[in-house]
Colleague: 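Below you will find the structure I want to go over with you.
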Amino acid sequence: MKPFATNHEELIHDVAYDFYGKQLATCSSDQHIKVFDLDSTTNEWILNDSWKAHDSSIVKLSWAAPEFGKIIASVSYDKSVRIWEEDLDEPHGSGRRWKKLATLHDSNGPLYDVAFAPSHLGLRLATIGSDGVLRIYDALEPADLRSWTVTSEVSVLSIAPANHLQSDFALDWCKSRFSPEKLVVSALDQAFVYNRDSNGKLVRAATLPEHGGLIRSVSWAPSMGRYYQLLATGCKDGKVRFFKLTERLSTAPRPLNGKSPDVDEDMVDADAPNVNIQVDLVGQHDDHHGEVWSVSWNLTGTILSSSGDDGKVRLWKASYNNEFQCLSVISAEQKDV
Amino acid sequence: MAMLDENEQPLKLMDESFGFVEGIDEDGAGGGDEQEVDPVSKVLLTRFEEAPIPPEGVDNWTKSSRILKFRLNPNGVDGVGFISQNPHSDKRIKVYPQETKIYTTKVPTFDDADAYVEYVSNLYSIYDALGEEKYYSVPTAGVINREAQRNQINVLTKAMSLTIEELQSYIDKKSTNANSEIEVFELEEILAVLNCLRALYFTPDNEIPRALAQWINMADPQPDAELANGIMKSEIPYKHPLFWAFITQLTLRGLYETASDAFKQSKFEELHDDDEELYNLIVDCLHLLESYPENSPQEIFKTWKSTAAKALSNASLRNTDNPMLLNNIRKLLQILAGDQTAIVEQSTSWYEALVGLVYYHIPSSELLTDYFNSAVSSHKPDQTSIWELACVDIFEESFLQALRAISSFSTATSAYVSALCEARGLLKGYSFDDDFKVSSSLLISQDLFSTTNPSEFLIHTHALDCLTIHELAPVGIGLLASSRNPTARSVIAEYLPRYEFQNNDDIEWALTVCASLKLPYIAHVIYRTAAQRSLAEGLLLEALKLFARAGEIEYVKHHCWLIFENSLMRGEPIQDVIINATVDDSISIEGVDRESLELTPLLRQTLAPYAILYRFWNLKKEGSLRLALKKLISLLKFPYLPPRLFGLVLSQLLPFVILLVPPKVLLKEDLLTVVKILDKYEEDIFNKKDKKSIVLTQECDELYRASISQEFENDSTYWTKYLDDANVKPPHDLQTLLKVVRRNVAVEIGRAYLEDSYN
């Protein structure tokens with residue numbers, strides 16, 4: 001399969017597939033977003049439109065579910081989230097096809113990640129930025145996408161990171177419609193799972209352990225047919241990690257002194273329902289021999305991709321007993337003939 | 001490319017389900033094509049086409065602040081790689097064009113080619129047609145049960161034959177592609193295993209010898225065709241040094257007809273004059289081969305065998321000048337007479353010996369295990385041959401091992417074959433997860449893969465694989481829908497919204513699945529998605545109907561008001577003839593029957609404001625200004641009119657109150673009503689200082705300003721045109737609009753009162 005040119009003037013920070021994998025949005029330091037449509041007859045990606053979308057590097061994109069229309073959210077180092085909707089009446093390549101519906105300016109620092117929640121939670125999105133605050137926005141009237149409200153703000157870090165230090169942030173939602181609302185947020189070298197307590201407040205429910213460096217990427221697997229959830233992280237310490245989350249409604253009262261090793265009791269709201277999330281690290285691999293920059297799951301949560309400083313993409317698949325094994329490798333390096 | 005040590009085995013590009021991996025040759029799976037192996041993970045390595053990093057350039061590339069990222073397609077079997085910048089590098093780097101390309105790639109091991117889709121679809125059809133026969137029924141007493149079991153075996157036998165036919169057809173299609181050499185090799189390995197499985201468990205007893213012969217002759221075709229040609233084209237074939245080995249191998253492999261043909265063409269007749277006794281023995285051999293009673297009752301076989309024994313006995317008594325030829329004839333007759341030792345000794349492989357025994361010793365399925373043991377004790381299976389080892393597993397009833405071998409090449413095939421094995425009762429007693437302990441059985445019941453049934457596990461895994469390929473999604477759904485595992489339903493529920501509907505048939509199919517599995521909330525998601533699709537295609541009425549069916553009243557209202565707003569901005573009915581036909585009975589559209597335009601009570605209600613506005617335009621156009629005005633005032637009075645639209649509606653009043661053409665269209669009662677409406681709007685929204693009211697006023701103002709800043713064609717009937725014609729400028733914002741209307745209405749009221757008092 002041949003590569004295709006995006007013609008961004010700077011390097012690309014993110015590429016996001018739409019819900020069906022038929023459109024691709026790209027964003028770059030050149031402050032532009034570009035959208036490409038897959039021509040199903042030729043299997044080629046054709047430019048839909050390109051436009052200047054922010055006033056600084058655009059670092060992450062997310063598509064909303066198609067039941068809300070064709071909507072993209074973008075975040076930038078200019079501290080804003082912007083929501084875009086495709087206007088089918090405007091011609092391709094006109095620079096006007098994607099209309100800005102909203103600009104959300106709540107972050108005190110550059111934003112690093114944005115993700116629309118799964119559609120059963122409504123039109124909702126989460127952001128995380130260098131201020132270490134997780135913000136949840138809701139379109140209270142899904143039919144009107146111009147109006148967004150911050151419905152939750154949670155400080156993931158007790159102190160915002162110092163500007164001169166390296167930092168990284170990422171988040172992803174639990175996609176299962178049969179599991180209560182949850183998301184994973186990574187800030188620096190820590191990753192936490194948040195869920196809602198009985199008052200609907202977002203609370204920290206678990207910690208993903210053992211990271212030895214900045215977490216570069218987190219990805220929550222679609223949980224088709226599994227009783228547990230799977231997550232993966234890519235870390236500066238060179239490891240791809242796989243976590244298994246098992247959620248149990250506890251019948252016993254929450255212990256006053258005893259601590260569950262994987263439940264951060266200090267951060268759990270006293271009113272939270274007795275839902276214990278047990279986190280098991282089910283695999284960690286350092287095959288990349290260097291930093292791991294991205295991890296992403298396939299549709300069924302059966303294959304994970306990871307990319308790293310070895311210039312390779314590794315595809316991982318679980319065996320019957322959840323042992324993840326590298327299935328194949330795709331290299332970005334030309335063959336030495 | 002790293003070279004592997006002898007002991008360092010690369011991992012096989014596989015195992016989808018069983019949790020085992022196997023070594024492969026570094027040059028691939030034996031197919032001969034060069035395949036690269038990743039030195040770290042020991043798995044197959046492929047490269048992005050036109051890969052951006054120069055050879056041996058990864059280190060430099062990383063040092064120059066580049067990083068590699070990758071995204072898997074959330075709805076397919078491909079992904080994209082791209083080069084990004086290390087977030088901690090603040091230096092500005094020179095970017096080359098190839099660095100802003102997107103590198104697309106398929107996920108290796110997943111095939112979405114047309115031939116594969118067709119193959120899997122056909123295998124699924126065979127599986128689906130099994131119906132209840134796909135479940136193993138424990139044998140019980142009774143005539144009816146025995147009959148039912150026989151029927152089931154017949155159905156399964158046929159299904160296995162069809163499965164093999166499909167595999168053969170798939171191989172044929174793949175063979176036409178020069179790049180599929182390795183895949184064809186792997187599929188042929190599977191074919192060999194399936195033929196063995198069929199011969200032993202999916203074949204009527206009397207046909208087993210023939211099925212076994214077919215199996216080995218397809219898996220390892222011998223004697224070599226070139227050798228055969230060499231022998232048969234020699235001057236006197238029967239004198240060729242390899243002639244008798246050739247005949248023996250044909251005979252052992254159940255190819256007795258070919259052997260008899262070879263005899264006939266071997267020019268052995270010349271012996272008649274030289275050595276009549278030897279000649280007669282060859283004639284005996286020929287007659288025996290020609291009369292082999294395949295597929296006959298035991299008594300007939302016994303008679304044939306005694307004839308062979310007699311011929312062997314005749315050969316034992318002979319003395320001849322040609323002892324080597326006599327010896328060869330004896331050896332052949334020993335085989336035909338069913339001499340076990342001779343058969344095993346003269347065979348070149350365990351499977352050849354096995355077929356020889358089953359053909360010439362006693363053709364009985366009950367003796368197969370003995371034959372197998374005898375064959376493998378003399379001829380060790382080739383430990384490097386996957387099909388041979390898998391077939392040994394089948395003979396040893398290690399069916400799971402055999403399925404693993406199949407799975408290593410094709411998880412789809414292994415899934416369907418496992419279902420046939422399961423139904424045939426071959427997998428009973430297997431428990432997949434003896435070491436799989438989960439404290440809560442409740443959790444297991446919520447898991448598609450925590451099954452003790454290997455076939456179910458393979459089918460479920462295959463079903464999920466199918467879901468990642470759009471064309472095979474119906475197969476995946478079908479497999480899950482027929483699963484006895486309750487979790488399968490939730491998987492369908494998770495997946496269906498991701499299915500990209502190409503047309504209405506797709507939507508109907510998805511809705512049927514929802515209905516049959518009682519998934520109303522998923523049906524709503526599908527309706528909403530379909531509604532958005534219709535909106536994108538400009539099919540407004542269809543979209544509204546779908547939103548309504550999804551129970552999304554707010555969306556219906558929102559879009560009905562958008563229709564209303566669009567019409568106001570245009571100053572005439574919207575351009576959607578279908579929507580207009582729903583509010584105007586006089587419109588008929590070719591090819592659209594009136595019934596399809598019937599509205600549900602909800603749609604009638606939500607489209608009612610547009611229906612009134614539509615009447616307003618028509619009445620105004622007809623010159624029925626009094627009636628038109630009534631419609632307009634009723635809209636202004638409508639308590640649910642979105643406040644943002646108030647300015648747009650009110651502006652329609654301007655020509656009446658400013659130009660007063662024709663005079664006295666506005667009666668005193670109307671004027672007073674307008675005042676009340678203005679009072680209410682100002683009191684409820686315009687004069688309020690809360691955030692919500694301010695936003696509503698801003699929106700209303702923006703819309704009004706947009707409406708007056710529009711440029712229209714010359715023949716526009718937009719209200720601003722009337723004012724333009726009279727050299728009157730429209731109020732420039734909402735506030736002025738309110739003032740102008742109020743002032744003009746007040747003047748008119750004053751005039752009306754004065755007229756009243758004079759009259």
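In what follows, chains are A, B, ... by sequence order, proteins preceding strands, each numbered from 1.
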Colleague: Heavy-atom distance under 4.5 Å to chain A: side chain of B/Y527, backbone, both or neither?
Modeller: neither
Colleague: Under a plain distance cut-off of 3.5 Å, with no hydrogens placed, do B/N86 and A/E291 share a side-chain donor-acceptor pair?
Modeller: no
Colleague: Quick check on B/P74 against chain A: is it the side chain, the backbone, both or neither that has a heavy atom closer than 4.5 Å?
Modeller: both
Colleague: For A/Q278 and A/N276, which I'm curious about, is there any donor-acceptor pair between the side chains at under 3.5 Å?
Modeller: no
Colleague: Need one label for B/E99: side chain, backbone, both or neither, based on atoms under 4.5 Å from any heavy atom in chain A.
Modeller: both
Colleague: Of A/E85, A/E90, A/E86, which is the lone residue that meets salt bridge (Lys or Arg N to Asp or Glu O under 4.0 Å) with A/R97?
Modeller: A/E86
Colleague: Within a 6.0 Å radius of atom CD on B/E50, are there more than 12 heavy atoms belonging to other residues, nucleotides or ligands?
Modeller: yes
Colleague: Answer with side chain, backbone, both or neither: which region of A/I330 has an atom nearer than 4.5 Å to a non-hydrogen atom of chain B?
Modeller: both
Colleague: Take A/D168 and A/K236 through the test salt bridge (Lys or Arg N to Asp or Glu O under 4.0 Å) and record every step on the way to the result.
Modeller: CA-CA 10 Å; A/D168 217 337; A/K236 188 179 166 72; over 6 Å; no
Colleague: Heavy-atom distances under 4.5 Å only: say whether B/A493 touches chain A with side chain, backbone, both or neither.
Modeller: both
Colleague: Taking every non-hydrogen pair under 4.5 Å, which of B/T529, B/I526, B/V525, B/I67 racks up the most with chain A?
Modeller: B/I67
Colleague: What orientation do A/Y77 and A/Y112 show, parallel under 30°, tilted 30 to 60°, or perpendicular over 60°?
Modeller: tilted
Colleague: Quick check on side-chain hydrogen bond (donor to acceptor under 3.5 Å, both in side chains): which of A/S305, A/S219, A/S306 does A/S296 satisfy it with?
Modeller: A/S305
Colleague: What part of B/T62 lies closer than 4.5 angstrom to a heavy atom of chain A: side chain, backbone, both or neither?
Modeller: side chain
Colleague: Would you call the rings of A/F178 and B/Y521 parallel, tilted or perpendicular if under 30° counts as parallel and over 60° as perpendicular?
Modeller: perpendicular
Colleague: Against chain A, work out which of B/I492, B/N73, B/V95 has the most heavy-atom pairs shorter than 4.5 Å and name it.
Modeller: B/N73
Colleague: Please report the shortest heavy-atom distance between A/S217 and A/V295, naming the atom on each side.
Modeller: OG-N, 3.1 Å
Colleague: Can a salt bridge be assigned to the pair A/K60 and A/D14 using a cut-off of 4.0 Å between side-chain N and carboxylate O?
Modeller: no
Colleague: Tell me which of these, A/R216, A/H120, A/E9, A/K175, has more heavy-atom pairs under 4.5 Å with chain B than the rest.
Modeller: A/R216
Colleague: Report the option among A/G301, A/S119, A/S176 that has the most heavy-atom pairs separated by less than 4.5 Å from atoms of chain B.
Modeller: A/S176
Colleague: Would you mind checking which part of B/A536 comes under 4.5 Å of any heavy atom in chain A, side chain (CB onward), backbone (N, CA, C, O), both or neither?
Modeller: both
Colleague: If you count heavy-atom pairs under 4.5 Å with chain A, which of B/Y495, B/F547, B/Y499, B/F48 comes out on top?
Modeller: B/F48
Colleague: Shorter than 4.5 Å, heavy atoms on both sides: which option in B/R498, B/R528, B/K557 has the most such pairs with chain A?
Modeller: B/R498
Colleague: In terms of heavy-atom proximity below 4.5 Å to chain B, should A/H285 be classed as side chain, backbone, both, or neither?
Modeller: neither
Colleague: Is A/W45 close to chain B through its backbone or its side chain, or both, or neither, when contacts mean heavy atoms under 4.5 Å?
Modeller: side chain
Colleague: Look at B/E36 together with B/R47 and state whether they make a salt bridge at an N to O cut-off of under 4.0 Å.
Modeller: yes
Colleague: Ignoring hydrogens and geometry beyond distance, is a side-chain donor-acceptor pair present between B/S483 and B/N485 at under 3.5 Å?
Modeller: no
Colleague: Can you tell me which of A/L315, A/L88, A/V15 forms the most heavy-atom pairs within a distance under 4.5 Å of chain B?
Modeller: A/V15
Colleague: Does any backbone or side-chain atom of A/L304 lie under 4.5 Å from a heavy atom of chain B? Answer side chain, backbone, both or neither.
Modeller: backbone
Colleague: Counting only non-hydrogen atoms closer than 4.5 Å, does B/Y103 touch chain A with its backbone (N, CA, C, O), its side chain (CB onward), both, or neither?
Modeller: both
Colleague: Looking at B/Q98, B/E552, B/E554, B/R71, which makes the most heavy-atom pairs under 4.5 Å with chain A?
Modeller: B/R71
Colleague: Between A/D30 and A/H8, is any side-chain donor less than 3.5 angstrom from a side-chain acceptor?
Modeller: yes
Colleague: B/I522 versus chain A, heavy atoms under 4.5 Å apart: side chain, backbone, both or neither?
Modeller: side chain
Colleague: Side chains of A/T302 and A/N298 only: does a donor on one sit below 3.5 Å from an acceptor on the other?
Modeller: yes
Colleague: Between A/A332, A/G21, A/A5, which residue shows the highest count of heavy-atom pairs closer than 4.5 Å to chain B?
Modeller: A/A332
Colleague: Contact part of A/I12 toward chain B, heavy-atom cut-off under 4.5 Å: side chain, backbone, both or neither?
Modeller: both
Colleague: Relative to chain A, which of B/G76, B/A530, B/P54 shows the most heavy atom pairs under 4.5 Å?
Modeller: B/P54
